[in-house]
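These numbers come from a predicted model, not from an experiment. Numbers restart at 1 for each chain; the letters A, B, ... are given by sequence-line order, proteins then strands.
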Amino acid sequence: GNSVTQMEGPVTLSEEAFLTINCTYTATGYPSLFWYVQYPGEGLQLLLKATKADDKGSNKGFEATYRKETTSFHLEKGSVQVSDSAVYFCALSDRNEKLTFGTGTRLTIIP
Amino acid sequence: GAVVSQHPSWVICKSGTSVKIECRSLDFQATTMFWYRQFPKQSLMLMATSNEGSKATYEQGVEKDKFLINHASLTLSTLTVTSAHPEDSSFYICSARADNNQPQHFGDGTRLSIL
């Protein structure tokens, strides 16, 4: 079956530091890949997505590239802010369009 | 656009009562809605998928008689937790999708606490 493996947290960084959250996946066929962000007490918001190999999703300074050869979709941001503190979920969807989520990575940015 | 509203956001009730959670798509018609459950510091687990006018499809291990799902219109789905017990306490999140080519849009979740 499908699965998503995410870098375990929590991750704590200083403001303006470089961020990488690793994500690898296992799926049959060619899934679409997503990063969702969850702020405290809220539901999930779609941060970015990529639907085919070598696509790069980007939003709010975050980027992730769909790497088929390494089955990865790592999330990166060059300079994080305190407001980026949240839980980040990597996810994939297959032909059934069901989402399979990773376990989430809690990110805390300190001023 | 693509706003999903979930109500209530927080509910506390006594063991044995039933609790209904509503999920509404405010500015689009949702042919499919999904219900998830999230335990503290864990990921979202899909409970069921519901298509408007059809019976919900439940994931393995989810009790159909315990978690009643109704998707009577293109903008509303409800999840009723029947005879709730403390082990049902969790964060429940719904999502809605206009069609298979569109992403899921999530509600803000409902924190359910059973005393």
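For CD of A:Glu16, the number of neighbouring non-hydrogen atoms (other residues, nucleotides, ligands) closer than 6.0 Å is 12 at most. Other residues, nucleotides and ligands place no more than 12 heavy atoms under 6.0 Å from the CD atom of A:Glu8. Other residues, nucleotides and ligands contribute more than 12 heavy atoms inside 6.0 Å of the CE atom of A:Met7.
In this structure, B:Tyr36 OH and A:Leu99 CG are separated by 4.5 Å, a value rounded to the nearest 0.5 Å. Expressed to the nearest 0.5 Å, how far NE2 of B:His105 lies from CD of A:Gln45 amounts to 12.0 Å.
Grouping the Ile, Leu, Val, Met, Phe, Trp and Tyr side chains by contacts below 4.5 angstrom, directly or via other members, places A:Phe89 apart from A:Val80. At a threshold of 4.5 Å between side-chain heavy atoms, the hydrophobic network of Ile, Leu, Val, Met, Phe, Trp and Tyr places B:Val4 and B:Met47 in two separate groups. By the rule that hydrophobic residues join a cluster once side-chain heavy atoms approach within less than 4.5 Å of another member, B:Leu46 and A:Trp35 end up as members of separate clusters. Linking Ile, Leu, Val, Met, Phe, Trp and Tyr whenever their side-chain heavy atoms come within less than 4.5 Å puts A:Phe73 and A:Val4 in one cluster. Under the 4.5 Å side-chain heavy-atom criterion for Ile, Leu, Val, Met, Phe, Trp and Tyr, A:Tyr88 and A:Tyr36 are members of distinct hydrophobic clusters.
Only the side chain of B:Gln38 comes within contact range of chain A, judged by heavy atoms closer than 4.5 Å. Proximity to chain B is absent for every atom of A:Tyr39, based on heavy atoms less than 4.5 angstrom apart. Both the backbone and the side chain of A:Leu44 come within contact range of chain B, each with at least one heavy atom under 4.5 Å from a heavy atom of that chain. Of the atoms belonging to A:Gln38, it is side-chain heavy atoms, and not backbone ones, that fall under 4.5 Å from chain B.
Between chain A and the options B:Gly107, B:Gly109, B:Ser43, the largest number of non-hydrogen pairs under 4.5 Å is found for B:Ser43. Put simply, of B:Arg111, B:Met45, B:Gln104, the one with the most heavy-atom pairs under 4.5 Å next to chain A is B:Gln104.
Residue-level contacts of residues 101-111 of chain A with chain B, in order of numbering, are A:Phe101, A:Gly102, A:Thr103, A:Arg106; threshold 4.5 Å between heavy atoms. Among the residues in residues 58-95 of chain B, those with a non-hydrogen atom closer than 4.5 angstrom to a non-hydrogen atom of chain A are B:Glu59, B:Phe91, B:Ile93.
Between B:Thr49 and A:Lys98 there is a side-chain heavy-atom pair separated by less than 4.5 Å.
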